Amino acid sequence: MGETVNLKLLVAKAIRMLESYGVLDMHGHASIRIPGTDRILINSRLVSRREVAVNSIVEVDLEGNPIDAGQEPPSETPIHTEVYKKRSDVHAIVHAHPHYASVLTIAGQRILPVYGIGAFIGEVPVYEDPDLVNTKEKGERMARALGNARIVMIQSHGAVVTGSSIQEAFAATINLEENSKKQVEALQITPTIKVFTAEEAERVGKSNWNPKTVMKTWDYFESDARINGRLEGVENANACAPR
């Protein structure tokens, strides 16, 4: 496979694995920056997230224009393009609708580090407009809300998670939701939950968040998805054509 096809495969796998985990359904998308270019790869809006394959990954420029005629990126592509423009350190992005993380925004609660592997999340800002981020102007405002953070929540809507690789963005999305689930369930027991101090968050975050942890998370979910048949046809460029 060529480099671009390999990158498309990674995006397609990430989409299927996130759908299998439950943070994507009929909505949501993931993207990756093509190294050395001003283009990105993102899943087509025309294909079920359960069926995304190599040929249903769309190449677009940083204005959201598809490179090949007939391809259609998601309406919220500005989430991705505007962040890539502002953050040279970001090479992959996931926009998902994680249930527990979204519930916390609905309840007006900040997402806080409350368990080991969730300590990496740092400060999680909130973009206050719950509407679709489907214009350049909205994407710019959301990217400003993200700032230099790893994650920004869209109020009552979902999460935008960045990474230096698609594996890192994937693992961060999984652990954002795991942290949020524990926070929500702890709040059901008592409003005075134990939150990591700044020192604990920094120390525990460094211990638990590194390239080995990222790949351990990716490999586990890839294996689980493959065993359960959720990756069938993902490498087949003739499967799951846009419809």
Side-chain angles (χ1 to χ4, degrees), residues 1-21 23-85 87-96 139 160-174 211 214-215 217-243:
M1 292 187 185
E3 181 185 20
T4 299
V5 175
N6 279 327
L7 294 175
K8 287 183 175 183
L9 180 58
L10 287 174
V11 174
K13 284 183 176 180
I15 289 290
R16 291 215 195 179
M17 289 152 58
L18 289 166
E19 190 279 331
S20 181
Y21 175 70
V23 294
L24 296 185
D25 43 33
M26 69 287 293
H27 305 294
H29 19 88
S31 69
I32 193 168
R33 193 195 295 266
I34 301 176
T37 76
D38 59 355
R39 297 178 180 181
I40 67 171
L41 299 170
I42 191 168
N43 54 298
S44 169
R45 69 180 299 271
L46 302 176
V47 178
S48 166
R49 276 59 176 167
R50 285 191 175 185
E51 298 180 309
V52 168
V54 166
N55 75 318
S56 48
I57 304 301
V58 180
E59 183 174 342
V60 302
D61 63 25
L62 290 185
E63 297 306 318
N65 302 307
I67 302 305
D68 297 322
Q71 292 187 324
E72 191 170 347
S75 64
E76 291 189 300
T77 297
I79 286 175
H80 303 257
T81 53
E82 295 308 315
V83 172
Y84 286 124
K85 287 177 186 178
R87 293 278 299 274
S88 61
D89 61 312
V90 172
H91 294 275
I93 297 170
V94 169
H95 173 47
V160 177
V161 184
T162 67
S164 61
S165 66
I166 194 67
Q167 293 93 337
E168 184 176 85
F170 171 88
T173 303
I174 295 291
V214 166
M215 289 311 302
T217 304
W218 175 273
D219 290 344
Y220 171 82
F221 282 94
E222 182 178 13
S223 174
D224 181 71
R226 193 173 297 283
I227 289 169
N228 288 291
R230 305 303 286 268
L231 294 181
E232 184 176 351
V234 71
E235 300 176 12
N236 185 351
N238 296 315
C240 310
R243 57 179 182 270

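The basis for the numbers below is simple: all heavy atoms, side chains too, and nothing from hydrogens, waters or symmetry mates. What you see is a predicted model; the values in this text were computed from it and never measured.
Applying the side-chain contact (heavy atoms from CB on, under 4.5 Å) test to Ala12 and every residue at least two apart in sequence or in another chain returns Val52, Ile57, Val234. Thr173 pairs by the side chain to side chain donor-acceptor pair (under 3.5 Å) definition with nothing, not counting sequence neighbours. In this structure Thr4 satisfies the side chain to side chain donor-acceptor pair (under 3.5 Å) test with no other residue, sequence neighbours excluded. Here Asp89 pairs with Arg87 under the salt bridge (Lys or Arg N to Asp or Glu O under 4.0 Å) rule; sequence neighbours left out. For Arg33, the salt bridge (Lys or Arg N to Asp or Glu O under 4.0 Å) test picks out no residue, with sequence neighbours left out. Looking at residues two or more places apart in sequence or on another chain, you find no side chain to side chain donor-acceptor pair (under 3.5 Å) involving Asp38. With sequence neighbours excluded, the residues satisfying salt bridge (Lys or Arg N to Asp or Glu O under 4.0 Å) with Glu222 are Lys13, Arg226. Annotation: salt bridge (Lys or Arg N to Asp or Glu O under 4.0 Å) contacts of Glu76 (sequence neighbours excluded): none. With sequence neighbours left out, the side chain to side chain donor-acceptor pair (under 3.5 Å) criterion links Asp61 to Asn65. In this structure Tyr21 satisfies the ring-ring contact (aromatic ring centres under 6.0 Å, His included) test together with Phe221, sequence neighbours excluded.
Considering only heavy atoms from C-beta on, Phe170 stays 4.5 Å or farther from Leu10 through its side chain. Ile227 is listed as a side-chain neighbour of Ser223, based on a closest heavy-atom distance under 4.5 Å. Counting only heavy atoms from C-beta outward, the side chains of Arg16 and Arg230 never approach each other to under 4.5 Å. Taking the side chain as every heavy atom from C-beta outward, Pro35 and Leu7 approach each other to under 4.5 Å.
Residues Lys85 and Glu63 are paired through a salt bridge, judged by an N-O separation under 4.0 Å between the basic side chain and the carboxylate.
Annotation: ring-ring contact (aromatic ring centres under 6.0 Å, His included) contacts involving residues 59-84, sequence neighbours excluded, comprise His29-His80.
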Would you list the atom pairs, donor with acceptor, under 3.5 Å between side chains in residues 66-75 and any protein atom, with sequence neighbours excluded?
{"from": "Glu72", "atom 1": "OE2", "to": "Arg45", "atom 2": "NH1", "distance (Å)": "3.0"}

